[in-house]
Protein chains: 2
Amino acid sequence: MAANGADVLRARDEATCRIREILDRVGDKWSLTVISELGQESRRFTELKNAVPGISQRVLTATLRGLERDGLVRRTVHPVVPPRVDYELTPLGRTLLDTAWTLMTWALEHMDEIDEARTSYDHAN
Amino acid sequence: MAANGADVLRARDEATCRIREILDRVGDKWSLTVISELGQESRRFTELKNAVPGISQRVLTATLRGLERDGLVRRTVHPVVPPRVDYELTPLGRTLLDTAWTLMTWALEHMDEIDEARTSYDHAN
DNA sequence: CGGAATCCTTCTCGATACTG
DNA sequence: CAGTATCGAGAAGGATTCCG
């Protein structure tokens, strides 16, 4: 890992927009969840739909298309009947997996603190 | 009796849901950028607005309120004229800083690969 | 200066129906 | 099975105005 926080900040002026553009993909409502789901093994469309409760078919399709476009996910269509489509992480997608895990782990570890803060904040107003 | 499959799935779904709830905060359009901006030192409202190009006043306010509610940011109002409001990371917010940098670093390092993937994808269709 | 309130436009998303 | 097409409700977001 070459860049550190200071590098990120130094490059900020040129790249803030670019970073944000990419965080939009990665940080959107479902992408990290889908990526972490694909981290284990390749999945079929319906398997993903069931594995990610609450996501609609429409949005799952859009999410997967976006991830595929960004080279994070590979979509493989098997010419069989009934159709079978497998999704798996690309090597690039797999490099994101570690970071995704870090973020999700953070969320898990600090969930309670955040809950307390929210309760406290809401109670104060 | 050990937990059955349904229990496991239910627990996992709830965890997924909670994680997503928190990722919504952290992974939204601006939060990580604001947090990384506050990583260096406390900032005034207008300083933040200038430091985060493209954010509107309305959305910056909402973002800061959300971060404050979750205990990630502390808001300090100085009773002076003209008003002065400082924002700084809480200790909890600071624990997120490392992860935020990791994610932004990932974005920086893989920006070019993503650009290529997008170009390739768009050209294929 | 740091907002809150309002208006108004855009985008998102879920539900539904249909298809190769 | 794995989508696409379409529609409508609601949320999100920008611009503007006003205020202590």
Side-chain angles (χ1 to χ4, degrees), chain A residues 16-17 20-21 23-34 37-38 41-70 73-89 121-122 124-125, chain B residues 13 16-17 20-21 23-34 37-38 41-70 72-89 121-122 124-125:
Chain A
T16 297
C17 288
R20 268 251 317 100
E21 185 184 331
L23 288 187
D24 268 354
R25 155 79 34 247
V26 154
D28 80 347
K29 201 174 169 69
W30 301 106
S31 289
L32 279 185
T33 306
V34 168
E37 198 60 40
L38 290 175
E41 52 192 343
S42 75
R43 302 259 176 158
R44 301 180 60 172
F45 184 85
T46 300
E47 286 176 344
L48 272 177
K49 187 157 151 37
N50 294 332
V52 183
I55 197 170
S56 69
Q57 186 184 58
R58 185 181 172 14
V59 173
L60 177 56
T61 300
T63 300
L64 287 169
R65 287 290 182 279
L67 293 173
E68 187 193 1
R69 177 172 183 255
D70 284 353
V73 161
R74 174 163 35 248
R75 176 171 179 267
T76 307
V77 181
H78 301 280
V80 296
V81 177
R84 179 190 178 92
V85 180
D86 285 329
Y87 292 92
E88 61 182 327
L89 291 183
Y121 183 92
D122 292 346
N125 311 323
Chain B
D13 285 356
T16 300
C17 193
R20 267 249 319 98
E21 184 184 330
L23 288 187
D24 268 356
R25 155 79 36 247
V26 155
D28 79 346
K29 202 175 169 70
W30 301 106
S31 288
L32 280 185
T33 306
V34 168
E37 197 60 41
L38 290 175
E41 51 192 344
S42 74
R43 302 258 176 158
R44 303 181 58 173
F45 183 86
T46 301
E47 286 176 343
L48 271 177
K49 187 156 152 35
N50 295 332
V52 183
I55 198 172
S56 70
Q57 184 186 63
R58 191 189 195 297
V59 173
L60 178 57
T61 299
T63 300
L64 287 169
R65 286 293 182 280
L67 292 173
E68 187 194 2
R69 177 172 183 256
D70 284 354
L72 301 170
V73 161
R74 172 163 37 247
R75 177 171 179 268
T76 308
V77 181
H78 302 277
V80 297
V81 177
R84 178 190 179 92
V85 180
D86 285 329
Y87 292 91
E88 63 182 327
L89 291 183
Y121 184 92
D122 292 346
N125 310 323

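The analysis underlying the following values was restricted to heavy atoms, covering all of them including side chains, and did not include hydrogens, waters or symmetry mates. Just so we're clear, the structure is a prediction, and the values are computed from it rather than from any experiment. Order of the sequence lines sets the chain letters (A, B, ...), proteins ahead of strands, with each chain counted from 1.
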Selected nucleotide, minimal atom distance to [X] side chain, candidates [options]:
X: Phe45(A); options: dG2(C), dG3(D), dG3(C); answer: dG3(D)
X: Arg75(B); options: dG3(C), dT4(D), dG2(C); answer: dG3(C)
X: Thr61(A); options: dT4(D), dG14(C), dA2(D); answer: dT4(D)
X: Pro83(A); options: dC1(C), dG20(C), dG14(C); answer: dG20(C)
X: Arg65(B); options: dG3(C), dA17(C), dC1(D); answer: dG3(C)
X: Arg58(A); options: dA15(D), dC1(C), dC7(D); answer: dC7(D)

Please report the distance, rounded to the nearest Å, between [atom1] in [X] and [atom2] in [N].
X: Ile55(B); N: dG14(D); atom1: CD1; atom2: C1'; result: 12 Å
X: Leu64(B); N: dC1(C); atom1: CG; atom2: C1'; result: 14 Å
X: Lys29(A); N: dT12(C); atom1: NZ; atom2: P; result: 13 Å
X: Asn50(B); N: dC1(C); atom1: CG; atom2: C1'; result: 12 Å
X: Lys49(B); N: dG13(D); atom1: NZ; atom2: C1'; result: 13 Å
X: Asp28(A); N: dA12(D); atom1: CG; atom2: P; result: 15 Å
X: Leu48(A); N: dG3(D); atom1: CG; atom2: C1'; result: 14 Å
X: Trp30(B); N: dA12(D); atom1: CH2; atom2: C1'; result: 13 Å

For this session: Check whether the side chain of Gln57(B) and the base of dA15(D) form a donor-acceptor pair under 3.5 Å.
Result: no
Problem set entry | Shortest non-hydrogen contact from Val73(B) toward Tyr87(B) | CG1-CD2, 3.8 Å
For this session: Taking all non-hydrogen atoms of both residues into account, name the closest pair between Arg74(A) and Leu89(A) and its distance.
Result: NH2-O, 4.5 Å
Seminar exercise, completed: Rounding to 0.5 Å, atoms CG (Leu64(A)) and CG (Leu48(A)) come to a distance of 6.0 Å
For this session: Go through the steps to decide whether Thr61(A) and Phe45(A) satisfy the test side-chain contact (heavy atoms from CB on, under 4.5 Å), and finish with yes or no.
Result: CA-CA 8 Å; Thr61(A) 300; Phe45(A) 184 85; 3.5 Å; yes
For this session: Tell me whether the OP1 or OP2 atom of dG3(D) has a side-chain N or O from Tyr87(A) closer than 4.0 Å.
Result: yes
For this session: Using a cut-off of strictly less than 4.0 Å, decide whether Thr46(B) has a side-chain nitrogen or oxygen near OP1 or OP2 of dG2(C).
Result: yes
Seminar exercise, completed: The residue among Ile55(A), Thr63(A), Asp28(A), Val52(A) that forms side chain to side chain contact (heavy atoms under 4.5 Å, CB included) with Thr33(A) is Val52(A)
